Amino acid sequence: MPSTYDSVVVPTYDDDMAEALTPAQQQVLAVLGANASDRPQFPADLAQQLRDAIESTLAPIQNELSADNPMFLSKHDLAMIHACEARALFEKNADFEWTPAIAKGSVAHKAIELSMHWPGDTSPLELVDIAIERLRQTEKSLGLWLDSCSDLELAEVRALANERVVTFSECFPPLKKQWRPATEARLRTELLDGKIILSGRTDISLGKANGQTAGKVIIDLKTGRPSPTHLDDLRFYALIETLRLGVPPRRVASYYLDSALPQAEDVTVDVLFAAAHRTADGIIKIHQLTIGERAPTVKPSYGCTWCQLVDECAAGQQFLGTQQDENPFSSEDDSATATADTF
């Protein structure tokens with residue numbers, strides 16, 4: 001039975017084509033797809049309304065910011081500042097170090113990107129090796145680490161990244177060129193005449209807008225269990241997309257590779273204004289902490305498990321000591337949150 005995505009009919013593969021789509025792949029199409037008649041329209045001035053809402057909230061601090069030294073804000077920065085401010089401030093000032101668990105995300109992303117455009121049939125592990133070589137040439141920090149890491153660490157990166165690429169190929173349907181698939185697409189917009197820069201990088205985007213009619217779907221690939229912050233991350237991407245293009249994406253979704261589970265949300269005006277208020281609030285908090293206007297607050301959570309300050313944080317130790325159940329929102333990559341936009 002055909003599925004649709006942005007009015008493009010996506011047939012189940014027959015014997016003369018590739019293998020039939022699995023139920024998991026059909027589910028992706030069912031969750032992300034939409035007929036042309038189901039795509040929403042948005043006001044032409046929505047982007048300006050959102051910009052005005054953010055910048056009016058930031059008015060009290062705008063003279064303390066400078067376009068010569070702008071504040072860069074990512075989804076990771078927002079997630080951290082709205083969690084525990086003490087941890088956010090510490091990690092922002094800490095030296096970053098690559099590990100196999102962190103590097104595998106970048107390698108897997110690159111390999112998946114290559115898989116969508118590579119001619120012929122190439123195995124996931126071959127794509128991983130090609131991705132590693134490419135990242136050695138193009139990514140200075142990661143490239144230096146890949147050149148200097150031990151054979152054991154490199155083997156771990158290959159194994160972890162290969163598992164992600166294999167899982168993606170099993171769960172996700174082949175992406176047709178008519179859907180305008182893009183991987184690692186960079187998003188960026190400026191606020192307050194360049195004093196603040198919102199930036200991100202989407203794992204996968206499909207479709208496009210048509211005038212003020214939304215058509216794009218933004219997808220983040222995840223491992224582990226769902227977390228409330230994953231939805232906030234996607235709303236932040238939808239906000240940037242709206243500010244830069246003037247029309248929002250139609251839908252955002254997290255796709256959990258381990259469980260082959262897509263979780264999607266339709267983008268609405270209310271969703272975008274909620275993201276705008278959260279973004280403005282996060283900017284003010286970061287600015288206050290950066291200039292030392294106030295001390296950071298401590299907010300114990302399951303994130304304390306991976307916090308480097310936990311040994312000297314009484315609140316964090318007390319929280320972890322009273323938790324007997326498994327973290328319902330944990331992710332095996334929570335310890336790797338120092339890099340944004342990774343698995």
Side-chain angles (χ1 to χ4, degrees), residues 2-10 25-55 73-75 78 116 172-173 175-191 198-222 226 228-256 261-280 341:
S3 301
T4 58
Y5 178 80
D6 283 352
S7 77
V8 177
V9 176
V10 184
Q25 292 171 326
Q26 291 280 9
Q27 184 184 31
V28 172
L29 295 179
V31 170
L32 302 184
N35 293 313
S37 59
D38 295 329
R39 292 182 284 178
Q41 288 190 326
F42 290 89
D45 64 344
L46 177 58
Q48 190 60 52
Q49 291 183 42
L50 292 166
R51 187 177 300 276
D52 290 345
I54 297 172
E55 294 186 341
L73 193 75
S74 70
K75 68 177 185 181
L78 274 179
M116 296 181 185
F172 234 77
L175 300 179
K176 290 177 170 287
K177 64 181 181 180
Q178 297 96 317
W179 303 347
R180 301 172 64 92
T183 56
E184 298 290 298
R186 296 181 183 274
L187 305 177
R188 175 184 168 118
T189 193
E190 297 182 358
L191 299 170
L198 310 182
S199 64
R201 188 167 57 183
T202 61
D203 292 344
I204 301 173
S205 68
L206 303 172
K208 68 181 182 68
N210 182 12
Q212 291 304 127
T213 301
K216 182 178 287 188
V217 176
I218 292 176
I219 305 155
D220 250 0
L221 302 175
K222 300 292 186 181
T229 61
H230 296 166
L231 182 56
D232 287 328
D233 291 345
L234 287 164
R235 290 176 173 181
F236 179 66
Y237 282 165
L239 175 64
I240 300 177
E241 179 81 356
T242 307
L243 291 173
R244 63 187 285 269
L245 293 183
V247 59
R250 175 176 61 82
R251 183 170 293 174
V252 292
S254 295
Y255 189 80
Y256 296 91
L261 176 67
Q263 290 194 349
E265 178 181 65
D266 290 333
V267 178
T268 66
V269 172
D270 287 344
V271 163
L272 291 167
F273 273 98
H277 292 310
R278 176 177 177 267
T279 298
D341 309 316

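Fair warning: this is a prediction, and the values are worked out from it, not measured in the lab. The basis for the numbers below is simple: all heavy atoms, side chains too, and nothing from hydrogens, waters or symmetry mates. Along the sequence shown, residues are numbered consecutively beginning with 1.
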Which value, rounded to the nearest 0.5 Å, describes the distance between [X] atom [atom1] and [Y] atom [atom2]?
{"X": "L50", "Y": "L272", "atom1": "CG", "atom2": "CG", "answer": "5.5 Å"}
{"X": "L78", "Y": "T229", "atom1": "CG", "atom2": "OG1", "answer": "11.0 Å"}
{"X": "L234", "Y": "E241", "atom1": "CG", "atom2": "CD", "answer": "12.5 Å"}
{"X": "T242", "Y": "F42", "atom1": "OG1", "atom2": "CZ", "answer": "7.5 Å"}
{"X": "E265", "Y": "R235", "atom1": "CD", "atom2": "CZ", "answer": "4.0 Å"}
{"X": "L245", "Y": "K208", "atom1": "CG", "atom2": "NZ", "answer": "11.5 Å"}

Taking CZ in R244 as the centre, count heavy atoms belonging to other residues, nucleotides or ligands within less than 6.0 Å. Is the count above 12?
yes

For [X] versus [Y], what's the shortest heavy-atom pair and its separation?
{"X": "R188", "Y": "I240", "answer": "N-CG2, 3.8 Å"}
{"X": "R250", "Y": "P40", "answer": "CG-CD, 3.9 Å"}
{"X": "P248", "Y": "A214", "answer": "O-CB, 3.4 Å"}
{"X": "S74", "Y": "F236", "answer": "C-CE2, 3.7 Å"}
{"X": "I218", "Y": "Y237", "answer": "CG2-CD1, 4.1 Å"}
{"X": "P249", "Y": "V267", "answer": "O-CB, 3.3 Å"}

Do I54 and L239 come close enough that some side-chain heavy atom pair is under 4.5 Å?
yes

Would you mind reporting whether D203 and I219 have side-chain heavy atoms less than 4.5 Å apart?
no

Plane angle bin for H230 and Y256 - parallel if under 30°, tilted between 30 and 60°, otherwise perpendicular:
tilted

Are the side chain of Q41 and the backbone N or O of T213 linked by a donor-acceptor pair below 3.5 Å?
no

So, Y255 side chain and A264 main chain: donor-acceptor pair closer than 3.5 Å or not?
no

Candidate pair V269 and Q49, rule side chain to side chain contact (heavy atoms under 4.5 Å, CB included), full reasoning
CA-CA 10 Å; V269 172; Q49 291 183 42; 5.8 Å; no

Test salt bridge (charged side-chain N to carboxylate O under 4.0 Å, His left out) applied to R51 - qualifying residues, sequence neighbours left out
none

Apply salt bridge (charged side-chain N to carboxylate O under 4.0 Å, His left out) to R186 and list each qualifying residue two or more places apart in sequence or on a separate chain.
none

Kindly write out the residues that satisfy side-chain hydrogen bond (donor to acceptor under 3.5 Å, both in side chains) with S254, not counting sequence neighbours, or none if the list is empty.
none

